[in-house]
Every structure is written in C-alpha cells, then in structure tokens.
Amino acid sequence: MPDTAVLDPEIGYVEEDVDPTLDLFSEIERLKDEKNAILLAHYYQESEIQDLADYVGDSLGLARKAAATDAEIIVFAGVHFMAESAKIMNPEKRVILPDLNAGCSLADTCPADEFAEWLKQYPDHKVVTYVNSTAAVKALSDVTCTSSSAAHIINQFPEDQPLIFAPDKNLGKYLIKETGRDMVLWDGVCIVHETFSEKRILRLQVRHPDAEVLAHPECRDAVLQHADFIGSTSQIRRYARENGPASFIVATEEGILHQMRQDEPQNELIPAPPESGCNCSQCPHMRLNTVEKLYLCLRHEQPEVTLEEDLRRRALEPIERMLEMSEGVK
Ligand code: 13P
Ligand code: SF4
C-alpha cells in the first residue's frame, strides 16, 4: 500500500496515510544513508525519534553539530527556531523539519517588529538573545546564547556595558542572580516551564525527602529556589548520571527522562508536575513531530526551512559570536 501523504507547503503534512506495514525504523535508517542525511534531535522529542537520531542534545550541542556536519541534508527533530538556526549556518544544505508548525511559545512572545521598537529605548545596550527566538529577532541582537552558555557569554561583556536579555524573563532573572548583572528583560516565558507548580513540588519533596530537584532555568523563580541543580537539558542529564544512583525530581519537559533512564536505570526519576491537570509536562510544539512525519519528511525532503538571504546573513553573526564565546562550555 503506497503512502498518500500530501504536503501543504504552508502547514506541513496534512495527510499522514503511511503504509502501516512499513517498518518505519528501518525505512528511516535506509533513507538517512541513501540521502546522506543527519538526524539531529532535541531531548523533548518522543523516545522513538531520539532512538533514531544521530545526535540527541541540548540547544548548544545541536547548534554545534549543525555547524560542523558535512551531511547534505539536516533533518531537525526539534522546533522551528532550531531548524532555522541550522539553515542560517548551512545555506547550501537542505534543512527539513518533520512538522513546519512546530513553533515555540517563547519565541512567539517576541515579534521582531515590537522588539525593534522596544530596543529604541536602549541605544547604549548590547542585546543578548536566547536562541529560542526567530531569525528576525536574532538579526537585531549582538549575540545569541543557550541556557548552558548564557552566563558564560554575559560574563564576557565589560562590567560597565549595559545589557538587554530577551525573550525569556525567567531565564533572565536567573542570569541576573548568577552573573550579578542588572540586565533589562523582555517579558516572555515558555508555556511548559512557566507552569511547573512550586506547591506540588514541595508536596513531592515531603513524599521523597531524599530526592534532589533538578530544574531548567526557564522555570519560575519560585521553582528554582527549591532546586539543588539548575542547568540546560544536557547539564541536567549529566548531573543525574554523575550523581546517581539517587532520586531526582526533574523540572523540565519530560522527554529528557528517556535518555536519563538509559544512563542510570537505578535512578528514581520523578517528573515535576504542572499547576493543574495531568502530571505530564510535554511541549505541544515539540510533540508535533512524529515518527510518521519524520519518515515522510525524509522521503519527500520536505517541509524545507528557507529564509531570505539578507536576513540569514544578519542572523548568522550573533550565532557565530555565540559559538565563539561559548567555547569550552559543556
Ligand atoms: P536546552 O536544551 O538548551 O536546555 O533548551 C531547552 C528548551 O526549552 C528548548 O526549547
Ligand atoms: Fe519553546 Fe518551551 Fe517548547 Fe522549548 S519547551 S520549544 S521553550 S515552548
């Protein structure tokens, strides 16, 4: 039975009628080889996609891999801004994303036109922008950063240099504490990290008194103040690997647990709960990618991420500066 998937260039695959008898795992591996494609996946992807990936990492690791690859096609199993950054660094390569609608609530809080207008109030400030932003916002910035590299990058600016940090205010507040720099913050948040519940984490700690809390710095300050360790996804993973076997309450998107379970099966991993509803904390954008869409996108080499050349060049500079300034960051 042939697959009849139809790709709408605006919205991605609208019909995922993939032949159910196909072994999608071996098909995806075959297509990767045949097309000289590399599959890069973020930790917030579903487990099966992580298992198929050539590299699974945090935003910095993924950007480094994208910058270094000699594959002809980059398949980005993550969200749009990640694939867009890969394209900015690799204009000659085809960069494809299983679902073009996989956006980011945080990037959406910072429209480039509003950001440009707002920046006019701070002509003397340098702009440090989290990679969770559009190319147009990156193009208005001096340097981009990831959660693992932000403090390291900020500390390289002279102390008397006023700074703006955008778009995540939770990460910004955390960085002000970490670096002692009084930065001006854009008012954006991530819908996943914003909703972890301090109250429910405290209740979990009563039930698991020995558990350490590991939190992503996109969480609110009320959650971060109970954390034993704060770091990017890769740093959280490494901390649990190096400090187990033990119990950990993990305050980030639950996709990270897949690699953490494999690293140290004896660790007890307890996902931190959101304010209300179920106990799962999945990013609705990341989870738009599925194994079926991954197969279709590899097979048809679409949907492709493209951007206008002038914008690409302007967005490239702050990304390259980030890669230089984050040398040595793990
Ligand atoms: P890191 O993987 O760099 O910690 O980023 C987390 C995130 O929210 C990506 O969208
Ligand atoms: Fe954006 Fe938050 Fe999803 Fe990351 S987890 S992609 S920051 S919405």
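Read the numbers this way: they start at 1 and go in the same order the structure lists the ligands and their atoms. Remember, it's a predicted structure, so these values are computed and weren't measured experimentally.
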Item to complete: Indicate yes or no: does Arg321 engage Glu324 in a salt bridge with an N to O separation below 4.0 Å.
Response: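 Answer for the salt bridge query: no.
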Fill in: Salt-bridge present (Arg313, Glu309; N to O < 4.0 Å)
yes
Quick one: look up the protein heavy atom nearest [atom] and list residue, atom name and how far away it is.
| atom | result |
| --- | --- |
| atom 4 (O) of ligand 1 | His216 NE2, 2.7 Å |
| atom 8 (O) of ligand 1 | Glu218 OE2, 3.0 Å |
| atom 10 (O) of ligand 1 | Asn132 ND2, 3.4 Å |

Close N or O approach ([X], ligand 1; < 3.5 Å):
| X | result |
| --- | --- |
| Ser59 | yes |
| Ser232 | no |
| His42 | yes |

Worksheet entry | Polar protein atoms (N, O or S) that approach atom 2 (Fe) of ligand 2 to under 2.8 Å | Cys190 SG
If you measure from each heavy atom of [X] to ligand 1, is any distance below 4.0 Å?
| X | value |
| --- | --- |
| Gln235 | no |
| Ser147 | yes |
| Tyr44 | yes |

Worksheet item: Is a side-chain donor or acceptor of Trp118 paired with a backbone partner of Trp186 at a separation under 3.5 angstrom?
Response: no
Worksheet item: Under the 3.5 angstrom rule, does the side chain of Gln282 hit a backbone N or O of Pro284 as a donor-acceptor pair?
Response: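 Pair absent, no side-chain N/O of Gln282 close to backbone of Pro284.
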Worksheet item: Considering only heavy atoms, does Glu253 approach ligand 1 within less than 4.0 Å through its side chain, its backbone, both, or neither?
Response: neither
Discussion item. Do Ser105 and Asp108 pair up side chain to side chain, a donor and an acceptor below 3.5 Å, judged on atom types alone?
Written reply: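 Checked: Ser105/Asp108 side chains show no N/O donor-acceptor pair below 3.5 Å.
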Practice prompt. Tell me yes or no: between the side chains of Asn243 and Glu212, is some donor less than 3.5 Å from an acceptor?
Written response: no
Worksheet entry | Ile73 CD1 to Asn90 CG distance, which is reported to the nearest 0.5 Å | 12.5 Å
Worksheet item: Are Tyr295 and Leu31 close enough, and set up right, to give a side chain to side chain contact (heavy atoms under 4.5 Å, CB included), and what steps lead you there?
Response: CA-CA 8 Å; Tyr295 160 73; Leu31 287 167; 3.8 Å; yes
Worksheet item: Are Glu253 and Tyr43 side-chain neighbours, meaning at least one heavy-atom pair lies under 4.5 Å?
Response: no
Discussion item. Just to verify, what does Thr195 make a side chain to side chain contact (heavy atoms under 4.5 Å, CB included) with, not counting sequence neighbours?
Written reply: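 So Thr195 forms a side chain to side chain contact (heavy atoms under 4.5 Å, CB included) with Pro274.
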Item to complete: Using a strict 4.0 Å cut-off to heavy atoms of Met82, name the atoms of ligand 1 that fall inside it.
Response: 9 (C), 10 (O)
